[in-house]
Amino acid sequence: MRFTVAVDGPAAAGKGTISKAVAQQLGLAHLDTGLLYRAVGAKTLAGHSPIEAARALQPEDLDSGDLRTADVAQAASKVAILPEVRAALVDFQRAFADRPGGAVLDGRDIGTVICPDADVKLFVTASAEIRAERRYLELNAKGATTSREEVLADVKARDERDMNRSEAPLKPAKDAVTLDTSALSIDEALQAALVVIKAKLPNN
Ligand code: CDP
């Protein structure tokens with residue numbers, strides 16, 4: 001079975017949490033494509049050229065170090081502007097999407113560029129303030145000492161860069177279902193996503 005679920009949306013909207021849980025419940029593979037850009041961003045912070053780093057990226061680089069820091073997130077959104085970096089990461093993402101057991105990919109351009117023929121497209125969003133609050137709690141639980149204001153500024157800066165770049169800007173695909181999670185718990189958001197996805201599953 002080839003079944004692709006594309007989940008896009010702005011920073012810290014809950015895409016990752018929803019995608020991981022959907023994949024687990026439906027027995028699909030999951031790829032957090034943000035990790036690819038974060039891995040390239042981390043290598044760039046370590047002194048490598050972003051284009052070379054993207055071309056040489058290995059699957060094990062996605063497990064290396066802490067890719068979830070605020071600094072790496074900013075570096076990721078800066079390297080993500082570069083068309084050569086994006087191009088170097090396309091084949092890996094498409095091969096993942098085409099795996100026989102079906103796959104969920106989350107990111108910014110999955111429904112628009114990477115998998116325009118995905119079986120289901122979700123655009124997961126929430127207000128910037130709510131997203132920043134969630135990310136603030138997440139980062140602080142891991143021991144970071146950033147303030148709420150800094151996290152909100154980071155989220156807004158990334159959104160701005162992600163939405164306004166010329167290559168693969170963040171926007172909902174025309175046929176995406178938008179899921180605003182501002183007033184939803186994680187479980188409510190997951191259930192809402194599952195309703196949309198299950199309706200498209202083969203043999204449903
Ligand atoms: O988890 P969060 O939503 O904060 O970010 P992420 O999904 O890990 O993505 C980090 C950065 O990578 C984003 O701000 C984008 O600039 C970039 N990215 C992208 O350009 N395209 C993707 N498919 C995924 C991430």
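Read the numbers this way: they start at 1 and go in the same order the structure lists the ligands and their atoms. The structure displayed is predicted, hence computed values, not measured ones.
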### Query
Ala11 heavy atoms, cut-off 4.0 Å: which ligand 1 atoms fall inside?
3 (O), 4 (O)
### Task
Check ligand 1 against Ala80 and write out every atom of the ligand that is under 4.0 Å from a heavy-atom position of the residue.
16 (O), 17 (C), 20 (O)
### Hydrophobic cluster membership, Val90 vs Leu57, 4.5 Å side-chain cutoff
yes
### Query
Looking at Asp162, which atoms of ligand 1 are within less than 4.0 Å of one of its heavy atoms?
13 (C), 14 (O), 15 (C), 16 (O)
### Summary
shortest atom 7 (O) of ligand 1-to-protein heavy-atom contact is with Arg108 NH1, 3.0 Å
### Task
Around atom 8 (O) of ligand 1, find the nearest protein heavy atom and jot down its residue, atom name and distance.
Arg38 NE, 2.6 Å
#### Entry: Atoms of ligand 1, numbered as shown, that sit under 4.0 Å from any heavy atom of Ser77
14 (O), 16 (O)
## Note on the structure
If you compare Arg68, Arg135, Lys15 by their heavy atoms, the one closest to atom 1 (O) of ligand 1 turns out to be Arg135
### Task
Could you go through the side-chain contact (heavy atoms from CB on, under 4.5 Å) check for Val22 and His30 one step at a time?
CA-CA 9 Å; Val22 160; His30 170 228; over 6 Å; no
### Task
Report the nearest protein non-hydrogen atom to atom 24 (C) of ligand 1: residue, atom name, distance rounded to 0.1 Å.
Thr33 OG1, 3.5 Å
### Task
Would you mind telling me if ligand 1 is within reach of the side chain of Arg165, the backbone, both or neither, using heavy atoms under 4.0 Å?
side chain
### Summary
Partner of Thr125 under side-chain contact (heavy atoms from CB on, under 4.5 Å), picked from Thr178, Ile130, Asp8, Thr181, is Thr178
### Summary
If you scan protein heavy atoms around atom 18 (N) of ligand 1, the nearest is Tyr37 CD1, 3.6 Å
### Task
Using the side-chain contact (heavy atoms from CB on, under 4.5 Å) rule, take Asp162 and Arg165 through it: C-alpha gap first, then chi angles, then the decisive distance, then the call.
CA-CA 6 Å; Asp162 291 350; Arg165 65 186 177 215; 3.5 Å; yes
### Message
What protein heavy atom lies closest to atom 21 (N) of ligand 1? Include the residue and the distance to one decimal.
### Response
Arg86 NH2, 3.0 Å
### Query
If only atom types and distance count, is the side chain of Arg108 paired as donor or acceptor with the main-chain N or O of Leu170 below 3.5 Å?
no
### Message
Can you name the atoms of ligand 1, numbered from 1 with element, that are less than 4.0 Å from a heavy atom of Ala12?
### Response
2 (P), 3 (O), 4 (O)
#### Entry: side chain to side chain donor-acceptor pair (under 3.5 Å) evaluation trace for Arg158 with Ser77
CA-CA 6 Å; Arg158 243 167 0 111; Ser77 86; 5.3 Å; no
### Query
What pair of heavy atoms forms the shortest contact from Leu67 to Ala39, and how long is it?
CD2-CA, 4.0 Å
### Query
With distance as the sole test, does Lys200 use its side chain to make a donor-acceptor pair with the main-chain N or O of Val120 at under 3.5 Å?
no
### Task
Before giving the answer on side chain to side chain donor-acceptor pair (under 3.5 Å), spell out for Asp180 and Ser182 the whole-Å C-alpha distance, their side-chain angles and the decisive distance to 0.1 Å.
CA-CA 6 Å; Asp180 188 326; Ser182 300; 2.6 Å; yes
### Query
Hey, is Arg161 touching ligand 1 through its side chain, its backbone, both or neither, going by heavy atoms under 4.0 Å?
neither
### Query
Of the protein's non-hydrogen atoms, which lies at the shortest distance from atom 10 (C) of ligand 1, and what is that distance?
Arg158 NH1, 3.5 Å
